[in-house]
Structures are given as C-alpha cells and as structure tokens.
Amino acid sequence: MSNSKSPQDSIVTMNEIVLPNDTNTLGNLMGGRLLHWMDICAAIAAQKHSNQIVVTAAVDSVSFKESIRLGDVVTLTSYVTRSFNSSMEVFIEVTAQSIPRGEIIKSNEAYYTFVALDSRHKPCQVPELIPQTEEEKLKFDGALRRRQVRLILAGKMKPEDAIELKNLFV
C-alpha cells in the first residue's frame, strides 16, 4: 500500500437513469434512492483510496437543491478530500441531465465519512492524502473543521478542544 495518494486517485463517476420505480407520486426521484446512490459512489472512492472495505460513519448536510425528474440521467462524482487515521472524508456532487431538454442541473452535494476495516473488521490505517489543486487544498483544509464539528455533535470532542474551529472566530 502506498504511503500517500492524491484526490485524483480516488475519483469515481457513476451514472443512473431515473426510472418509474425510483420516483415519488410527483414524478421526482425519491430522496432515499438518491442517498443510496450517493453512499455507493462515495464508498467506492473511499475503497479506492484505502484499498480496504469501508463502512459509512457519517453523512453531512445533504440538501436537495433541485428536483430530479423521471427519465433524467443522474451523474454522481466523488473523491476523497482528506484522510485521517482510519477514516476518510469524501466529497460527492450530483448533477441531473434531461437529455431531451438539453439541461444539466446541479442537484446535491455532500460530505461522507468512511472508516476503513481490515480483514478482522477492525479500523485500520489509511494512506495519507496529498491535495494537488487549489480546490483540493481548500477542501482538505476544511475537512479538519468539518471533522471537528462532527466529533463535537457526536459528543466525542469538547468544543474547547476544536482548535481549527476556534481559529475561525479569533
């Protein structure tokens, strides 16, 4: 296993078409179906980075900006933004394309956290992530603050110990 990887090494692009069984009574993609697809796409990115089986540990702030309609082609793109000890943060963006109308809309984005597991199903070390582009560096830096928020909300960190969060306000 390599000691470090770039976000580009973990990029996953997945396409799905919205079929009648995927929609609600308004003809829109059901949110739960989209979350399912997002979890799969993000998990593949985390597995590519870690070379291990991964489990979902957290999902941050999924908001539904635009409806996705019956017949739209959904494109999900994900990549690892930062790795910690055994966990990785993965960014995922969702767009929907109406091929007949020639429109592409950005529907969703979110951050997922995964933990890599070894063959005994215990958390294991993951490779370091080294961002290359400016956007990757911004997401990498922000990942530590997002992690601190998650840990505080889960009761695993005291707010006064969240140095990076405090630095935002000082």
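Quick caveat: nothing in here was measured; it's all calculated off a predicted structure.
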Listed once per pair and sorted, the salt bridge (charged side-chain N to carboxylate O under 4.0 Å, His left out) pairs that draw on residues 139-156, sequence neighbours left out: Asp60-Arg150, Glu89-Arg146, Glu89-Arg150, Glu135-Lys139
Residues which pass side-chain contact (heavy atoms from CB on, under 4.5 Å) with Gln47, listed by chain and number, not counting sequence neighbours: Ile53, Val54
Residues in side-chain contact (heavy atoms from CB on, under 4.5 Å) contact with Leu70, at least two apart in sequence or another chain: Pro20, Thr23
Set of residues satisfying salt bridge (charged side-chain N to carboxylate O under 4.0 Å, His left out) with respect to Glu160, sequence neighbours excluded: none
Which atom of Glu16 lies closest to which atom of Leu76, heavy atoms considered: CG-CD1, 4.5 Å
Residue pair Gln52, Val126: steps toward the side chain to side chain contact (heavy atoms under 4.5 Å, CB included) verdict: CA-CA 8 Å; Gln52 299 289 334; Val126 297; 5.8 Å; no
By ring-ring contact (aromatic ring centres under 6.0 Å, His included) - contacts of Tyr111 (at least two apart): Phe91
Side-chain cluster (under 4.5 Å, hydrophobic types only) that Val55 belongs to, other residues: Val115, Leu117
Asn108 (side chain) donor-acceptor with Ser63 (main chain) under 3.5 angstrom: yes
Closest heavy-atom pair and its distance - Ala45, Ser10: CB-O, 3.3 Å
Ring pair (Phe, Tyr, Trp, His ring centres under 6.0 Å) pairs, two or more places apart, involving residues 13-44: none
Salt bridge (charged side-chain N to carboxylate O under 4.0 Å, His left out): pairs with one or both residues in residues 63-79, sequence neighbours excluded: none
Residue pairs, two or more places apart or on separate chains, that pass salt bridge (charged side-chain N to carboxylate O under 4.0 Å, His left out) and touch residues 32-56: Asp22-Arg33
Summary of salt bridge (charged side-chain N to carboxylate O under 4.0 Å, His left out) pairs that have at least one residue in residues 77-86, sequence neighbours excluded: none
Polar side-chain atom of Thr75 near backbone of Thr95 as donor-acceptor pair, under 3.5 Å: no
Results of salt bridge (charged side-chain N to carboxylate O under 4.0 Å, His left out) for Glu136 - residues two or more places apart only: none
Qualifying residues under side-chain contact (heavy atoms from CB on, under 4.5 Å), relative to Pro159, sequence neighbours excluded: Ile152
